[in-house]
Structure formats: C-alpha cells, structure tokens
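Have a look at the structure below before the remarks.
Quick note: numbers below take in every heavy atom, side chains included, and nothing from hydrogens, waters or symmetry partners. Chain A is the first sequence line, chain B the second, and so forth, proteins listed ahead of strands; every chain is numbered from 1.
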Number of protein chains: 2
Amino acid sequence: MSPARPTSAPAATPAAQRAHATIHDVARVAGVSVASVSRVFNGRDHVRAEMRTRVEEAAAQLGYVPHAGARSLSMARTGAIGVVLPDLHGEFFSELLRGMDREASTRRLGLLLTVLHDGRGLDTLTALRGQVDGLVVMAPELDPDVLARHMPRGLAAVFLACAPQVGSPNLRIDNRAGAAAAVTHLAAGGAKRIVHISGPAGNLDAQERRAGAEAAAAEAGVALSVIEGDFLEASGTKVGERVAAGTLAADAIFAANDMMAIGALMALKRHGIAVPEQVAVAGFDDIPLARLVSPALTSVAIDIAAMGARAVAQLAARIAGTREESSGDASTGADEVIVPHLMVRETTRETDRG
Amino acid sequence: MSPARPTSAPAATPAAQRAHATIHDVARVAGVSVASVSRVFNGRDHVRAEMRTRVEEAAAQLGYVPHAGARSLSMARTGAIGVVLPDLHGEFFSELLRGMDREASTRRLGLLLTVLHDGRGLDTLTALRGQVDGLVVMAPELDPDVLARHMPRGLAAVFLACAPQVGSPNLRIDNRAGAAAAVTHLAAGGAKRIVHISGPAGNLDAQERRAGAEAAAAEAGVALSVIEGDFLEASGTKVGERVAAGTLAADAIFAANDMMAIGALMALKRHGIAVPEQVAVAGFDDIPLARLVSPALTSVAIDIAAMGARAVAQLAARIAGTREESSGDASTGADEVIVPHLMVRETTRETDRG
DNA sequence: GCGGTTTCTGTAAGCGGTTACAAGCCCGCG
DNA sequence: CGCGGGCTTGTAACCGCTTACAGAAACCGC
C-alpha cells in the first residue's frame with residue numbers, strides 16, 4: 001500500500017512532521033470540511049471571509065502544499081506538456097526549448113522532456129498518458145507510420161518538422177525555399193560548380209533541402225553535386241579537405257546545416273583557400289555560432305525559438321479545444337509553414353565577380 | 001474463448017472509442033478483476049498463464065495504456081524529476097540537459113523543466129509536489145534563504161552551483177581553482193596587466209572566479225583590474241573596444257565566461273589588435289564555440305554534461321534512500337566538487353616571450 | 001413568523017490505479 | 001475423507017484532491 005501514514009494518533013508524533021500535510025489535515029486543524037479547504041485554495045467559489053482566514057492559517061501552520069498529482073487525477077488535467085525530441089545537440093535545441101518555455105510558462109504549463117535516442121524511448125511515449133496534457137513531437141528521422149503507432153491515442157499532439165501525420169497539425173520549415181535561396185544566392189555570386197553536403201538520407205529535412213538545392217541549381221543553370229553528410233562538423237571537414245586538395249572541384253559549398261558548413265570552412269581556411277574568393281560557403285539554420293566564426297558564415301536563418309513557441313501555442317489551443325467540445329475535432333489547427341530567410345555574411349559574395 | 005458476456009453492451013458505442021480505456025474496462029472485457037489486470041501489467045506476482053493471455057488480449061483489443069497519473073498517486077512515486085534552471089542560453093544548457101537526460105533515461109526517469117525568469121517562477125516550485133520525485137536546482141543568482149523558503153519540503157533535492165544549502169548535497173564547480181589556473185597561465189605567458197571581466201556581482205560563480213583570479217594575480221605578482229560584466233557577449237565587446245582604443249591598459253583579458261571573452265576577442269580583432277601577441281584572451285566554460293572562433297579561445301573547461309549527469313545520479317540515490325529508510329537521512333550525499341581544467345588554445349601564449 | 005431564495009458548508013462519490021487481506025481452489029497426506 | 005497449505009484470484013480500502021448534490025443558515029418580503 002502507500003506510505004503507511006499512521007492512521008491512528010495523527011497529531012502528536014513529531015516524526016509526522018516529515019510526511020506532508022494533506023487537505024484532510026488542514027480541514028481537521030481548521031475545523032472545517034475538506035471541500036471548504038479545496039474551495040479556498042481554488043478561489044472562485046462562495047466562502048465566507050472568516051472561514052477563508054481560518055483555513056489559510058491552518059494551511060500556513062501545517063506548511064500545506066496541494067498535491068499536484070492528486071489534483072490532476074481528479075481534474076483530468078496535468079498542466080504539463082510532453083516535449084519529444086531527437087537526441088539533442090547544440091544551440092538549436094536550447095533555442096527551441098527556450099521558445100517553448102517562453103510560451104509554456106506564460107500559460108503556466110510545465111515541459112516534460114523526452115529524448116529519443118534513435119528510436120529507443122518510443123515506448124515511453126504511451127507511458128506519458130496521465131502525466132501530460134499533450135505532446136509536441138519532433139522526430140524528423142522517424143517513419144510516420146512507426147511514429148503514429150507509438151502515439152498514445154487520445155492525447156493532443158503537434159508535430160514539428162515531421163513527415164505529415166494524419167489528424168494532427170504539423171509545423172514545418174520550408175526547407176526547399178530556404179535551400180533554393182542559398183543556392184540561388186551562390187549562383188548569383190558567380191558560382192558554377194556547387195557542392196551540396198546533404199544530411200543523412202533518412203532525414204526529411206535533409207531530403208527537402210537537397211531537393212530545393214537541386215531545383216535552384218537547375219533553374220540557375222549551374223552544376224550541383226551532392227555528398228552525403230551526417231549533420232556533424234566532421235563530415236563538413238572531410239568535404240572541405242577534398243576541395244582544398246583539389247580532388248573535388250568546387251567554387252562553392254552549400255551545407256545542409258551550419259555545423260557541416262563550419263567544418264568545411266575551417267578545413268578550407270586551414271589549407272589556405274580564400275573564402276569566399278576561391279570558394280564560397282553557405283550553411284543552414286543560422287545558429288548563433290554562424291556569425292562568430294570568421295569569416296562569418298552566410299546561412300539560412302530560422303527563428304528557432306519562435307518555432308518552439310508556435311508549437312506550444314498550437315498545442316495549447318488544441319488542448320483547450322478538445323477540453324470544451326467533447327467531440328475531439330481533429331481537423332483544427334492546419335499545418336503551419338515557417339519560412340526561413342537568408343542571412344548573407346562574409347563567406348559568400350553578394351554580386352557576381354567571377 | 002471469452003463467451004461474449006453481454007454485461008452491458010460495452011462493445012458497440014463508437015463514441016466510447018474516444019475515451020481511454022481504464023483498468024476496469026480491461027477487467028470487464030477479460031472477465032477478471034482489476035487486481036488481476038494490475039498484476040499482469042506489473043509482472044512479478046503469481047498469475048496463471050491463461051489469465052495473463054486473457055488480460056493481454058483484452059488490453060490489446062481496447063488499446064489500453066495505464067494512466068501514469070493514477071499510478072503515481074497510489075504508488076507515491078512519479079518517475080519524474082524536476083529540473084530548475086535559470087533562464088537558459090546557448091550550449092551550456094543544452095549540454096547540461098544532455099547530461100541529465102543521459103543519466104535520467106537510463107534510470108527511466110522523466111525530466112520536468114522549470115525555468116526561473118529571474119525569480120519569477122519560484123512560486124511554481126512548491127506546486128511540483130506530487131508531480132516529481134525530486135528536484136535538481138540550479139540557481140546561482142538566488143539568495144539561499146529565499147531559495148530555501150520556496151523549496152517544497154519533503155522533496156529530495158540536489159543543488160547545482162548554488163550557495164550552500166543546509167541538508168542537501170551541492171554540486172559545485174571549483175571556480176577559484178579554474179580562474180587561478182587561467183590567470184597563472186596568462187602570467188606565465190608574460191602578461192603584466194590583466195583585465196578581468198567578471199560576471200554580475202550577485203552571481204556566486206562570478207564572485208568565486210573573481211576571487212580566484214585575484215588570488216592568482218597576487219601570487220604571480222601581476223596587476224589585475226576588474227570590470228563587471230553580465231555574462232553576455234556585449235559586455236566583453238565593450239571591454240575589448242576600450243583596450244583597443246587604448247583607454248584601458250592591458251596585455252591580457254580574462255573573462256568570467258566564454259561569451260564575454262569572445263566579445264572581447266572579436267572587438268580586438270576588428271580593431272587590428274594581434275591576439276595573443278599584443279593582448280592575450282582567456283575565457284571560462286569552454287563552450288563548444290570556443291574552439292571554433294579564430295584564433296581559437298583558451299578557456300577553462302568544465303565537463304558540463306557530466307555535471308548534469310552527476311546531479312541526476314545523486315538525486316536518484318537520494319530518492320531511493322528516502323524511499324527505503326523512512327527516516328529521511330539528510331546527511332547522505334556529501335558535497336561534490338567538479339574540478340575544471342585549462343584548455344590552452346591560440347588566444348594565449350604558452351611560454352613567456354614578453 | 002413563515003415560505004422562498006440565496007449563500008454557505010458538508011457528505012460522499014468519483015478520478016484510475018495498487019495492494020493488504022481474505023477467500024477459493026486444488027493438492028497431497030495421514 | 002478431512003484437513004493443512006501453497007497458488008490464484010477477488011473485494012475493497014486506500015492515494016489526495018475536486019465537485020455534484022443536498023442540507024443548513026441567513027435573508028427577504030409579506
């Protein structure tokens with residue numbers, strides 16, 4: 001059974017101080033009923049002023065704090081939302097969480113973090129039922145069917161940069177447009193042979209960025225070759241070294257994220273290749289680091305914090321929605337697209353000099 | 001098999017699909033008692049194989065998932081720990097969370113994030129009772145008394161880089177030793193007039209780093225002047241510009257964190273000051289960015305992820321402890337000190353050339 | 001001073017699980 | 001055949017809180 005409170009002799013024992021006071025203890029000390037205590041703690045209902053002070057005094061004396069778990073069980077509302085993220089790295093995630101927290105804390109919601117270590121952890125999702133009111137899920141690497149199968153049904157959810165899900169709104173980045181903007185910009189700067197360092201093949205963002213880059217290159221009539229990377233700095237470094245060594249012909253590199261771009265940039269610099277004069281470089285994400293490397297990295301910028309905030313806001317709306325109208329209307333909350341914009345810095349030329 | 005016991009037409013209603021199945025539904029469909037369902041879901045108890053399959057089939061058919069909230073109420077155990085952090089920025093926090101998650105997920109614990117926006121949010125701490133099993137608190141800026149007053153009593157807690165708390169273990173960084181190492185290194189490199197950009201006066205880490213720097217400077221017999229910063233890049237920039245302009249005499253700058261150091265570094269570079277030849281620069285924290293700026297920043301390194309992991313590990317131990325021995329022994333878990341080490345890179349000279 | 005409101009307050013039934021305890025079953029043994 | 005004892009299983013009492021409902025008290029106009 002549960003922590004065996006000594007039902008008999010509840011008052012005297014000094015050790016009983018350890019255990020937390022419950023609403024019953026407060027009621028007993030104040031000489032009122034538990035309903036009344038609950039009422040004064042939750043405000044709104046009619047309670048006489050005298051009773052209110054009596055209860056408040058008793059509560060203060062006992063150091064009473066309501067038990068969130070019990071409350072959420074009886075109200076069917078936890079006040080927390082689950083955040084499901086892939087294995088987190090770097091500024092992207094702190095910005096995302098920052099944005100989510102900003103929105104969540106104004107709504108007095110907690111954030112319960114769940115990290116997916118490449119698939120492991122999916123089974124914990126269903127265990128979230130009763131612990132959160134809804135879910136923000138970001139799982140760009142996951143098969144939508146697999147994901148759908150693991151979603152606890154009946155829980156509101158918003159997907160972030162995932163493959164399209166049925167019945168739940170999705171927040172996505174317009175990766176195609178962003179990548180296209182970068183490639184178009186490189187071409188306008190005189191690039192003829194662009195190398196694109198892509199993300200892992202299974203990653204949806206990576207696929208879209210690649211497609212956008214290819215489309216824009218075709219449009220601009222420049223050559224584009226693709227080398228698959230893994231979003232980590234090292235894979236950018238490798239490409240940078242090949243370009244520096246001359247085994248890979250390129251006058252511009254467009255990486256699918258900033259860390260790879262920076263890897264390439266550092267490798268080029270190390271080998272004395274002038275950036276952007278000999279080889280231009282552009283990245284994607286515009287992490288804070290991008291403007292601090294030198295030369296400062298041109299990148300496709302996404303307001304990551306805003307994205308996180310939007311996701312939480314949408315989820316909160318959905319939660320409120322399913323709450324008031326019992327007919328859980330899945331169609332609310334259309335997909336929302338975040339349009340990135342290009343931040344031109346020093347690793348690319350603004351105009352054609354080639 | 002289950003002889004379609006028509007107790008009260010549980011199957012038909014399509015709307016009932018919406019609501020989640022409870023343990024009672026499973027029990028009814030399987031034709032057993034709730035206790036048995038509970039037993040098969042929690043394993044260990046004696047249950048006959050046939051009953052087990054009956055229950056499992058019923059559960060699968062209904063899509064039953066246990067309700068974490070209800071379970072935690074009756075078991076007095078939530079499986080989550082609260083993480084209380086100051087307003088989060090940059091890589092420091094993603095690394096910290098990463099380390100915490102690593103430890104927490106191996107222990108099958110969730111992380112409930114609470115961000116303190118300079119003091120606001122403190123009142124939500126007590127509301128965590130019943131929602132988490134323990135707390136990891138990082139609040140370097142907070143008065144220990146204020147903090148103590150807001151801690152929900154009876155909840156295990158571990159403090160991270162806080163002013164000493166009574167009765168709870170504290171994980172702290174040996175800021176003094178780290179700062180001293182940096183200053184000693186600068187002096188060994190030939191610096192005679194070091195400027196220390198400190199953190200905000202109210203911040204404990206900042207105070208300790210400053211003290212360590214001052215002690216080491218006295219020891220080495222070099223001048224050290226202190227300018228108060230705020231841990232943000234801009235305050236470093238300001239100092240860098242003054243040094244470049246000649247209105248502040250210095251041949252070395254030691255900043256209390258990396259972002260300020262980078263701000264100073266960038267300002268110096270912008271004004272054509274040679275680093276480290278004319279002015280050496282060192283920071284504190286060794287954020288991933290430190291090695292990516294150029295010249296790469298010398299910094300005092302802390303294994304942030306490991307620190308987060310240790311905090312969670314300690315907390316888990318305390319939770320387990322208070323659980324088995326009801327006499328909540330507050331003395332378990334002595335303070336633990338994390339010793340940082342110096343990462344020498346390009347912004348300082350290894351040996352005296354001055 | 002009385003019925004009818006209106007305002008308070010208390011009782012008790014949940015919320016969805018866990019688990020102590022007791023009862024039922026089946027077995028072997030004397 | 002009666003009985004003690006090990007396995008299974010069910011009943012019901014919690015965990016700590018909210019809240020529908022009903023009873024009590026106070027207030028109104030007549």
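Following rounding to the nearest Å, Arg129(A) (CZ) and dC15(C) (P) show an atom-to-atom distance of 12 Å. The nearest whole Å value for the distance from the CZ atom in Arg48(B) to the C1' atom in dG24(C) is 12 Å. Between the C1' atom of dT18(C) and the NE2 atom of His67(B) lies a distance of 15 Å, rounded to the nearest Å. Distance CE (Met75(B)) to C1' (dT18(C)): 8 Å, rounded to an integer number of Å. Residue Leu73(A) contributes atom CG, which lies 9 Å from atom C1' of dC15(D) at whole-angstrom precision. As a whole-Å value, the separation of Arg54(B) CZ from dT8(D) C1' is 13 Å. The CE-P distance, from Met51(B) to dG24(C), rounds to 16 Å in whole Å. Counting to the nearest Å, the P atom of dC27(D) and the NE2 atom of His46(A) are 16 Å from each other.
As judged by a 4.0 angstrom heavy-atom cut-off over every strand, Val40(A) is placed among residues making no nucleic acid contact. Looking at heavy-atom distances under 4.0 Å, Thr22(B) makes contact with sugar-phosphate atoms alone, never a base. Contacts of Ser36(B) with the nucleic acid, taken as non-hydrogen atoms under 4.0 Å apart, involve only primed sugar atoms and P, OP1 or OP2.
Comparing dT19(D), dG17(C), dC15(C) by their closest approach to the side chain of Ser74(A) singles out dC15(C). Picking from dT9(D), dC21(D), dG17(C) the nucleotide with the shortest atom distance to the side chain of Arg39(A) gives dC21(D).
Judged by closest nucleotide on DNA chain D, Val34(B) is the one of Val34(B) and Tyr64(A) placed further toward the 5' end. Map Phe41(B) and Val32(A) each onto its nearest nucleotide of DNA chain C; the residue landing nearer the 5' end is Val32(A).
For Asp335(A) and Arg172(A), the salt-bridge test fails: no basic side-chain N is under 4.0 Å from an acidic carboxylate O. Using a 4.0 Å cut-off between charged nitrogen and carboxylate oxygen, Asp101(A) and Arg98(A) do not count as a salt-bridge pair.
Outside the 6.0 Å centre-distance limit, the rings of Phe93(B) and Phe93(A) are not counted as a close aromatic pair.
Taking only side-chain nitrogens and oxygens, Ser33(A) never comes nearer than 4.0 Å to OP1 or OP2 of dT9(C). Proximity of Arg71(B) to the phosphate of dG16(C): no side-chain N or O atom is located under 4.0 Å from OP1 or OP2.
Side-chain contact between Val84(B) and His150(B): absent, with no pair of heavy atoms (C-beta onward) separated by less than 4.5 Å. Between Leu122(B) and Val146(B) there is a side-chain heavy-atom pair separated by less than 4.5 Å.
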